[in-house]
Amino acid sequence: MIYVLEDDESIRELIIYTLNGQKMEAKGFSTPSEFWEAISEKVPSLVLLDIMLPEEDGFSILEKLRAAPATKRLPIIMLTARGEEIDRILGLEMGADDYIVKPFSPREVVSRIKAVLRRTCAAPDTAQEEKLTTLTFGSLEIQPERYSVKLAGQSIACTPREVELLYLLASHPGRVFDREQILSRIWGYDFFGDTRTVDVHIKRLREKLEGVSDQWDLKTVWSVGYKFEVK
């Protein structure tokens, strides 16, 4: 089940119609209060979340979903207005898995949803290329199949994409990945050249792992990309 929280009826109905046509079950809500009532009864497989809403804005809802144990790993795609780059960056920094810019095509909605669900509800496609094994670097432990990151035995709250990004770099110590390569490997589709998305996720990982990288580091290779460097 996919929940669509969007107060514009025409957009909401278009999304639901599109998803139903792809044999995806979807339910729409025009207000946050309706959404919260529904999610208290059943947690969906994914949420499409508009930012500008009555009663409560999408950022507040995103923050609450990420703070609650039952929904902290729930896949969430934000719906943003064209030109509002700050909204997109803020949403990613707060833990959104993806964003869709209005106006959008039905095909784009389906593509984005399928890409997110592949990462969060099934084994990553990269498993066919390389065996996913637990990685350990000093106090850092990455368990990709469990989407788990631990430091000194303590779990670090990371989104699925953050785990995948960290694992990609850590599984190739010293190798530099440019932003386009990272987008292709982690996001799995054309992300319309928005390489800042990678920068945002690297920033979040650094904040969460700050002060404990005595044996490794997430390094920026200027004008190129990023690498995981073992000290």
Side-chain angles (χ1 to χ4, degrees), residues 45-46 66 72-78 80 85 88-89 91-101 104 107-137 140-151 156-209 213 215-230:
S45 56
L46 182 143
R66 285 290 175 252
K72 66 179 181 179
R73 297 191 183 280
L74 173 65
I76 300 171
I77 299 178
M78 305 293 289
T80 71
E85 181 182 31
R88 301 197 295 272
I89 297 302
L92 291 170
E93 289 183 338
M94 293 177 66
D97 293 280
D98 202 349
Y99 63 81
I100 299 175
V101 178
F104 47 76
R107 179 180 297 181
E108 180 185 3
V109 173
V110 173
S111 175
R112 297 294 181 98
I113 289 175
K114 287 183 176 180
V116 170
L117 290 178
R118 278 198 302 270
R119 292 192 305 275
T120 57
C121 300
D125 293 339
T126 53
Q128 297 178 0
E129 302 175 8
E130 52 191 341
K131 185 177 180 181
L132 298 179
T133 59
T134 298
L135 299 178
T136 303
F137 298 90
L140 174 67
E141 181 181 84
I142 310 168
Q143 297 180 322
E145 293 185 346
R146 296 185 179 182
Y147 281 88
S148 169
V149 175
K150 293 182 179 181
L151 282 170
I156 304 298
C158 294
T159 67
R161 282 190 177 177
E162 290 168 354
V163 176
E164 290 174 3
L165 174 54
L166 181 60
Y167 182 81
L168 171 64
L169 298 178
S171 61
H172 301 84
R175 174 178 170 181
V176 180
F177 287 87
D178 64 37
R179 292 168 176 82
E180 287 75 16
Q181 289 174 319
I182 294 173
L183 286 172
S184 177
R185 294 286 293 271
I186 303 302
W187 276 256
Y189 59 92
D190 182 5
F191 209 61
F192 304 99
D194 193 350
T195 56
R196 182 171 295 190
T197 301
V198 176
D199 300 334
V200 170
H201 282 72
I202 290 289
K203 176 184 176 184
R204 286 176 56 84
L205 281 170
R206 284 172 171 163
E207 290 173 348
K208 293 178 179 182
L209 304 176
S213 55
Q215 296 179 310
W216 52 269
D217 193 12
L218 287 175
K219 299 206 69 171
T220 300
V221 180
W222 298 110
S223 301
V224 181
Y226 300 98
K227 68 176 179 178
F228 185 94
E229 186 172 273
V230 177

_Would you compute the distance between atom NE2 of H201 and atom CG of L166 and round it to the nearest 0.5 angstrom?_
12.5 Å
_Would you compute the distance between atom OG1 of T159 and atom CZ of R73 and round it to the nearest 0.5 angstrom?_
8.5 Å
*If you round to the nearest 0.5 Å, how far is NZ of K150 from CD1 of I156?*
11.0 Å
*Name the one of D199, T220, D178 that satisfies side chain to side chain donor-acceptor pair (under 3.5 Å) with Y226?*
D199
*Do E164 and Y147 meet the criterion of a side-chain donor-acceptor pair at a distance under 3.5 Å?*
yes
_Return the SG to CG distance between C158 and L165, rounded to the nearest 0.5 Å._
10.0 Å
*Measure across P75 and V116 and return the closest heavy-atom pair with its distance rounded to 0.1 Å.*
CB-CG1, 3.6 Å
*Non-hydrogen atoms of R206 and L218 that approach each other most closely*: NH2-O, 2.7 Å
*Can you find a heavy atom in the side chain of L205 that is under 4.5 Å from one in the side chain of V149?*
no
*First locate atom CZ of F228, then atom CG of L140, and finally report the distance between them rounded to the nearest 0.5 Å.*
5.5 Å
*If only atom types and distance count, is the side chain of S171 paired as donor or acceptor with the main-chain N or O of Y167 below 3.5 Å?*
yes
*Within a strict 4.5 Å, meaning less than it, do heavy atoms of the R185 and F177 side chains meet?*
yes
_On a heavy-atom basis, which atom in V109 and which in I100 lie closest, and how many Å separate them?_
CA-CD1, 4.0 Å
_Contact summary for I142 and A170, nearest pair of heavy atoms_ = CD1-CB, 3.7 Å
*Judged by atom type as modelled, is there a donor-acceptor pair below 3.5 Å linking the side chain of R66 to the main-chain atoms of L74?*
yes
*Flag, side chain of R112 to backbone of Y99, donor-acceptor distance under 3.5 Å*: yes
_CD1 on I202 to CD on E207, rounded to 0.5 Å_ = 12.0 Å
*Distance-minimising heavy-atom pair for V163 and S148*: CG1-N, 4.3 Å
